[in-house]
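Encoded as structure tokens, the structure appears first; notes follow it.
Note that these values count all heavy atoms, side chains included, but never hydrogens, waters or copies made by symmetry. As the structure is a prediction and not an experimental result, all values here were calculated from the model.
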Amino acid sequence: MKTILTGIRANSELTLGNYLGALLPMVRLANKHSKEMNVNIFVPDLHSIIADIDGNLQQNIVRTIKYYLAAGLEVNDNVHIYRQSYVPAHSELCWILNCVATMGETSRMTQYKEKSEGRESCNVGIFDYPVLMAADILLYSAEYVPIGEDQFQHIELTRNLATRFNNKYGEIFVVPVKTDEQVKFMGIDDGIRIRDLLNPEKKMSKSTLAENSKIMLDDAPEKAAKKIMSATTDSLGKVKFDMFNQPGISNLLTIEALVTDTPLQDVISTWAGETRYGELKKKVASSVSTMLADFQAHLETIDDKMVFELFESGEKYANDIATKKLFEVQKAVGLR
């Protein structure tokens, strides 16, 4: 069986942007393919500690999996949920891949440049985490890794490291498919990027200090509705989907489509030519409020015991698969 692999760091509460752009698409993809493919959903807790943790890491880890379940993830024998740090093979393979990777290619990673910009120094984890990400993928022979556009470079790095290792030691690793094939598999023409409500030129980010710029998944529905009503639009006076000239309006149309599970083009057609932005804001505010209320009600039904039972079975599976692959690698390089 082929394998899909994905994970979301457990550093802090997730935004509506994280939910609509990453978590919900992954849940739908998992539900679509889990009858005929392995679906590995892991909490990358080792990745999480390269940055400050907002709150208690253990609580964040459990909450992240609850979010998958509350979003509608259907668990069956092919869905495997585990914590990265509970599978020691991730760390050891990362070291071996470090001896295959070059400083030049890892220093060219855009994420590293952005996260280290303006700092006198940064921790080595920020520099090296794309190699750990490659280990996360290659241990399970994952061909499909649903990711955002900002992670495409890391898939290409993974492909390069796997190919380089295979050329030297034999066909040990399955090479993930190219990024354009990843996008095609995900079923979206472009990455979903929910914008900052106050500055729609930027994506919605949980690290932004302005409270009204983002909707958090634990926001009260009425609080989220108020944030939508205060969202930045423009002075053109015409509802039109134009991400370049009208990013604020385009962002609202995108949110409306996603939270109501309506094709974007249908939403665009419904509002085409409308001149009163307030009416659009009211509709989006209502839709977001309803979605959050439903999501949070479902979340309340999921207890910690359910999550730890999933971890127990998932980590048994993950350790079995990962340890076997690591042993192949160790033999290939002469460590065993």
### Query
Closest approach of Leu326 and Leu139, non-hydrogen atoms and distance?
N-CD2, 4.2 Å

#### Entry: Lys281 atom NZ: more than 12 heavy-atom contacts under 6.0 Å
yes

### Where at least one partner belongs to residues 313-336, residue pairs that pass ring-ring contact (aromatic ring centres under 6.0 Å, His included), sequence neighbours excluded
His80-Tyr317

### Message
Which residue in the set Thr64, Ile50, Ile61 passes side chain to side chain contact (heavy atoms under 4.5 Å, CB included) when paired with Arg9?
### Response
Ile50

### Query
Does Tyr277 reach the main-chain N or O of Lys238 with its side chain, forming a donor-acceptor pair under 3.5 Å?
yes

### Task
Using a cut-off of 6.0 Å, state whether more than 12 heavy atoms not belonging to Glu36 lie near its atom CD.
yes

### CG/Asp77: more than 12 non-hydrogen atoms of other groups inside 6.0 Å
no

### Query
Step by step, would you call Arg63 with Asp218 a salt bridge (Lys or Arg N to Asp or Glu O under 4.0 Å)?
CA-CA 11 Å; Arg63 183 179 60 197; Asp218 62 353; 5.4 Å; no

### Query
Any donor and acceptor pair, going by atom type alone, linking the side chain of Asn251 with main-chain N or O of Arg195 inside 3.5 Å?
yes

### Task
Without swapping roles, check the side chain of Glu274 against the backbone of Trp271 for a donor-acceptor pair under 3.5 Å.
no

### Query
Can you tell me how far the OG atom of Ser213 sits from the CG atom of Asn199, to the nearest 0.5 Å?
9.0 Å

### Flag, side chain of Gln182 to backbone of Glu143, donor-acceptor distance under 3.5 Å
yes

### Task
Step through the shown structure and confirm whether more than 12 heavy atoms of other residues, nucleotides or ligands are within 6.0 Å of CE on Met1.
yes

### Query
Where does the angle between the aromatic ring planes of Phe295 and Tyr19 fall among parallel (under 30°), tilted (30 to 60°) and perpendicular (over 60°)?
perpendicular

### Query
So, Tyr86 versus Asn319: side-chain donor-acceptor pair below 3.5 Å or not?
no

#### Entry: Sidechain-backbone polar pair: Ser313 side chain, Leu310 backbone, donor-acceptor under 3.5 Å
yes

### Query
Okay, side chain of Asp45, backbone of Arg83: is any donor-acceptor separation there less than 3.5 Å?
no

### Task
Count the heavy atoms of every other residue, nucleotide or ligand shown that sit under 6.0 Å from CG of Asn76, and state whether that count exceeds 12.
yes

### Message
What's the separation between atom CG in Asn212 and atom CD1 in Ile215, rounded to the nearest 0.5 Å?
### Response
9.5 Å

### Check: Ser286/Lys282 side-chain N/O donor and acceptor closer than 3.5 Å
no

### Message
Looking at Ser48 and Ala10, would you say the former's side chain and the latter's main chain have a donor-acceptor pair under 3.5 Å?
### Response
yes

### Task
Give a yes or no answer on whether the side chain of Ser250 reaches the backbone of Asp242 with a donor-acceptor pair at less than 3.5 Å.
yes

#### Entry: Residue that, paired with Gln153, satisfies side chain to side chain donor-acceptor pair (under 3.5 Å) out of Thr158, Thr179, Thr110
Thr110

### Query
Do NZ/NE/NH1/NH2 and the carboxylate oxygens of Glu13 and Lys214 come within less than 4.0 Å?
no

### Query
For the ring pair Phe173 and Phe165, is the centre-to-centre distance below 6.0 Å?
yes

### Task
Could you tell me the separation between the OH atom of Tyr144 and the OG1 atom of Thr3, rounded to the nearest 0.5 Å?
11.0 Å

### Message
With rounding to the nearest 0.5 angstrom, report the CD1 to CE distance, Ile155 to Met133.
### Response
4.5 Å

### Query
Among all residues two or more places apart in sequence or in another chain, which pass the salt bridge (charged side-chain N to carboxylate O under 4.0 Å, His left out) test with Glu328?
Lys325

### Enclosure of Glu279 CD (heavy-atom neighbours >12, cutoff 6.0 Å)
yes

### Query
Do Thr208 side-chain atoms and Ala210 backbone N/O form a donor-acceptor pair below 3.5 Å?
no

### Task
Give the C-alpha distance, both sets of side-chain angles, the deciding distance and a yes or no for salt bridge (Lys or Arg N to Asp or Glu O under 4.0 Å) between Lys66 and Asp303.
CA-CA 8 Å; Lys66 286 183 177 182; Asp303 61 17; over 6 Å; no

### Query
Is the side chain of Thr262 donor-acceptor paired with the backbone N or O of Leu258 at a distance under 3.5 Å, no angle test?
no

### Query
Hey, are Lys184 and Glu181 close enough for a salt bridge, meaning a charged N less than 4.0 Å from a carboxylate O?
no

#### Entry: Lys/Arg N to Asp/Glu carboxylate O, Lys226 vs Glu222, below 4.0 Å
no

## Note on the structure
Residue pairs passing the ring-ring contact (aromatic ring centres under 6.0 Å, His included) test with at least one member in residues 87-112, sequence neighbours excluded, are His90-Tyr140, Tyr112-Phe127

### Query
CD1/Ile249 to OG1/Thr254 distance, rounded to the nearest 0.5 angstrom?
11.0 Å

### Worked verdict on Thr290 versus Thr260 for side-chain contact (heavy atoms from CB on, under 4.5 Å)
CA-CA 9 Å; Thr290 298; Thr260 61; over 6 Å; no

### Query
Out of curiosity, Thr15 OG1 to Leu217 CG, how far, rounded to the nearest 0.5 Å?
7.0 Å

### Task
Apply salt bridge (Lys or Arg N to Asp or Glu O under 4.0 Å) to the pair Glu105 and Arg164, showing each step before the final yes or no.
CA-CA 13 Å; Glu105 61 190 346; Arg164 193 176 306 153; 2.8 Å; yes

